[in-house]
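For reference, positions follow the sequence shown, starting with 1.
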Amino acid sequence: MPKRICTLGWDEYQALPLDEKITYLMQPDGNPYHTLFAQQFGLDLLTRLATLTNEIRAIAKSRNGTAFLSSLLAHKRAMLYFSQPSSRTFLSFASACQILGMPLGEVRDTAISSEFKGESREDSVRTFSSYYDLIIMRTPEKGLAERMAWVLSSSDRPIPIINAGSGQDQHPTQALLDVYTLLRSFEKTGGLPGKTIVFCGDLLRGRTVRSLSSLLLNYPGIRQIFVAPGPLQVGADVQEMLRARNVAFDLTDDLREAIRQSDAVYMTRIQDEWDNEKGESARIDTRRFTFGAGELALLPKDAVILHPLPRRDEIATVVDNDPRAMYWRQMRNGMWIRTALIAATFGCEKQINAYYRSE
């Protein structure tokens, strides 16, 4: 258990710089208690989680190994509280919990919960914490997961919260699976340091881009190229973060030229669910920000294509069967690294390490 947030009032905690906030979210062993921000994951932790993920995948290949994994957290219960639509993230976390033997509860529609009767989010989460040992939450409301972590840490039953996506701000576990996919993709080509990562699409409102860009700061020499129409270009906050760390980056609207320079291309869809008015995004010309057969021909032979999914028409289906298309593998990677994160949160890392070595 980390330092308890309850030693600070909410306003006092909120006023802290992010790096100080994070000290209230981490455990003495260096693993997260609450997982709220991509910035919680430094290089050592990322390396340990990637190793743990690889060990879990190897263990799960046998019947005995699967039985071992499913015994680790059979005494814990997980609540999936998803007030924002999701399929991949929901099923990925549900599968991760099942791998570790955790019974599941879920709320996916607040219209059929007591919030429909006027119950506050705080009271809903306090209720869940009475029955469950972990809350995994996805919300369209920026900062809500952080607020709920503070509420629970200030209660008589503090339990971990994992942020599975909050507003337009953070999606830390998507960034984890993205980095893990990049690490595996570049195992035979010198690793992730020094690579050029191209982001394309709705970069202003894409929380996956913001979180991944932050995690990439842990690896030296990475250049980031942001390709978008002007109104959807990456925000000033991300640019300021990169400048503060002396990270090389470029802003452009020329996808084809960026592809020629890339080691990885991270495509994203238009995030029109965040439109301020109906049809706002449709008025932006996005035709030059799609990846098809022509773009595939420009992609270097050792480069890879990622996408957090769901997609619309920004990646043509003709790309799917190219060996450089990693987005389906990326999705499966999410289940495994989320399993590792939950295991680490509950202190199972040493047990898994020992079992892996013994086998």
Does a side-chain heavy-atom distance below 4.5 Å link [X] with [Y]?
X	Y	result
Leu296	Ile305	yes
Leu144	Met137	yes
Phe128	Val107	yes
Ile99	Met335	yes
Leu52	Leu341	no
Ile162	Leu36	no
Leu182	Leu216	yes
Trp336	Leu177	no

Take a 6.0 Å sphere around CG of Asn321 and say whether it holds more than 12 heavy atoms from other residues, nucleotides or ligands.
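No, not enclosed.
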Nearest heavy-atom neighbours spanning [X] and [Y]:
X	Y	answer
Phe346	Pro160	CZ-CG, 4.3 Å
Cys97	Ile342	SG-CD1, 3.9 Å
Ser83	Pro140	OG-CD, 3.8 Å
Val319	Ala325	O-CB, 3.5 Å
Ser262	Ala303	O-CB, 3.7 Å
Leu45	Pro32	CD2-CD, 4.1 Å

Distance-only, no hydrogens or angles: does the [X] side chain make a donor-acceptor pair with backbone N or O of [Y] under 3.5 Å?
X	Y	answer
Ser214	Arg210	no
Glu257	Asp254	no
Gln170	Ala38	yes
His34	Ile161	yes
Thr268	Cys200	yes
Ser153	Trp150	no
Asp133	Arg77	yes
Lys61	Arg57	no
Trp328	Asp320	no
Thr127	Asp123	yes

Notebook entry, point to check: Under the ring pair (Phe, Tyr, Trp, His ring centres under 6.0 Å) test, which residues partner Phe68, sequence neighbours left out?
Noted result: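 Listed in chain order: Tyr355.
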What's the separation between atom [atom1] in [X] and atom [atom2] in [Y], rounded to the nearest 0.5 Å?
X	Y	atom1	atom2	answer
Ser155	Arg126	OG	CZ	4.5 Å
Ile222	Leu192	CD1	CG	4.0 Å
Asp313	Ile270	CG	CD1	9.0 Å
Leu91	Leu80	CG	CG	9.5 Å
Ser213	Ile197	OG	CD1	10.5 Å
Arg157	Leu152	CZ	CG	9.5 Å

* Between Gln330 and Asp178, does a side chain to side chain donor-acceptor pair (under 3.5 Å) hold up when you go through it step by step? -> CA-CA 7 Å; Gln330 182 184 356; Asp178 293 339; 2.7 Å; yes
* Which residue pairs pass the side-chain hydrogen bond (donor to acceptor under 3.5 Å, both in side chains) test with at least one member in residues 339-353, sequence neighbours excluded? ->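 As it turns out, the side-chain hydrogen bond (donor to acceptor under 3.5 Å, both in side chains) pairs with a partner in residues 339-353, which skip direct neighbours, are Asn31-Glu349, Arg48-Glu349, Glu55-Asn353.
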* To do: Name all pairs fulfilling the side-chain hydrogen bond (donor to acceptor under 3.5 Å, both in side chains) condition that reach into residues 65-76, sequence neighbours left out, sorted by first residue then second.
  =>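 Those involving residues 65-76 do not exist here.
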Which donor-acceptor pairs under 3.5 Å do the side chains of residues 238-249 make with protein atoms, sequence neighbours left out?
| unit_1 | atom_1 | unit_2 | atom_2 | d |
| --- | --- | --- | --- | --- |
| Gln239 | OE1 | Arg243 | NH2 | 3.3 |
| Gln239 | NE2 | Val234 | O | 3.1 |
| Arg245 | NH2 | Leu217 | O | 3.4 |

Mind checking side-chain hydrogen bond (donor to acceptor under 3.5 Å, both in side chains) for [X] and listing every partner two or more places apart, or none if nothing turns up?
X	result
Thr181	Asn333
Asn54	Tyr180, Arg184
Ser92	Arg338
Gln14	Lys21

Only one of Gln174, His171, Arg207 passes side chain to side chain contact (heavy atoms under 4.5 Å, CB included) with Pro308; say which it is.
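When Gln174, His171, Arg207 are each tested with Pro308, the side chain to side chain contact (heavy atoms under 4.5 Å, CB included) holds only for Gln174.
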Are [Y] and [X] connected in a single hydrophobic cluster, I mean Ile/Leu/Val/Met/Phe/Trp/Tyr linked by side-chain heavy atoms less than 4.5 Å apart?
X	Y	result
Leu306	Met267	no
Leu203	Tyr327	no
Val209	Leu309	no
Leu299	Val227	yes
Leu251	Leu255	no

- prompt: Quick one: side-chain contact (heavy atoms from CB on, under 4.5 Å) partners of Leu298, sequence neighbours excluded?
  reply: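 Listed in chain order: Arg256, Ile259, Arg260.
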Please list all pairs meeting ring pair (Phe, Tyr, Trp, His ring centres under 6.0 Å) that have one or both residues in residues 186-239, counting only residues at least two apart or in different chains.
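Of all non-adjacent pairs touching residues 186-239, those that pass ring pair (Phe, Tyr, Trp, His ring centres under 6.0 Å) are Phe199-Phe226, Phe199-Tyr266.
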Exercise. Which pairs count as ring pair (Phe, Tyr, Trp, His ring centres under 6.0 Å) when at least one residue sits in residues 289-319, sequence neighbours excluded?
Worked result: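 Counting only pairs at least two positions apart or across chains, no ring pair (Phe, Tyr, Trp, His ring centres under 6.0 Å) contact touches residues 289-319.
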**OP:** For the pair Glu122 and Arg147, find out whether any cationic side-chain nitrogen is under 4.0 Å from an anionic carboxylate oxygen.
**Re:**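 So Glu122 pairs with Arg147 through a salt bridge.
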- Query: Is it true that Asp302 and Arg324 have a side-chain N and a carboxylate O under 4.0 angstrom from each other?
  - Reply: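 Judged by the 4.0 Å cut-off on N to carboxylate O distance, Asp302 and Arg324 do not form a salt bridge.
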Fill in: Criterion side chain to side chain donor-acceptor pair (under 3.5 Å) on Arg138 and Thr89, from CA distance to verdict
CA-CA 9 Å; Arg138 181 182 182 94; Thr89 303; 3.3 Å; yes
For Asp253, all residues meeting salt bridge (Lys or Arg N to Asp or Glu O under 4.0 Å), sequence neighbours excluded
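With sequence neighbours excluded, Asp253 shows a salt bridge (Lys or Arg N to Asp or Glu O under 4.0 Å) to Arg288, given in chain and number order.
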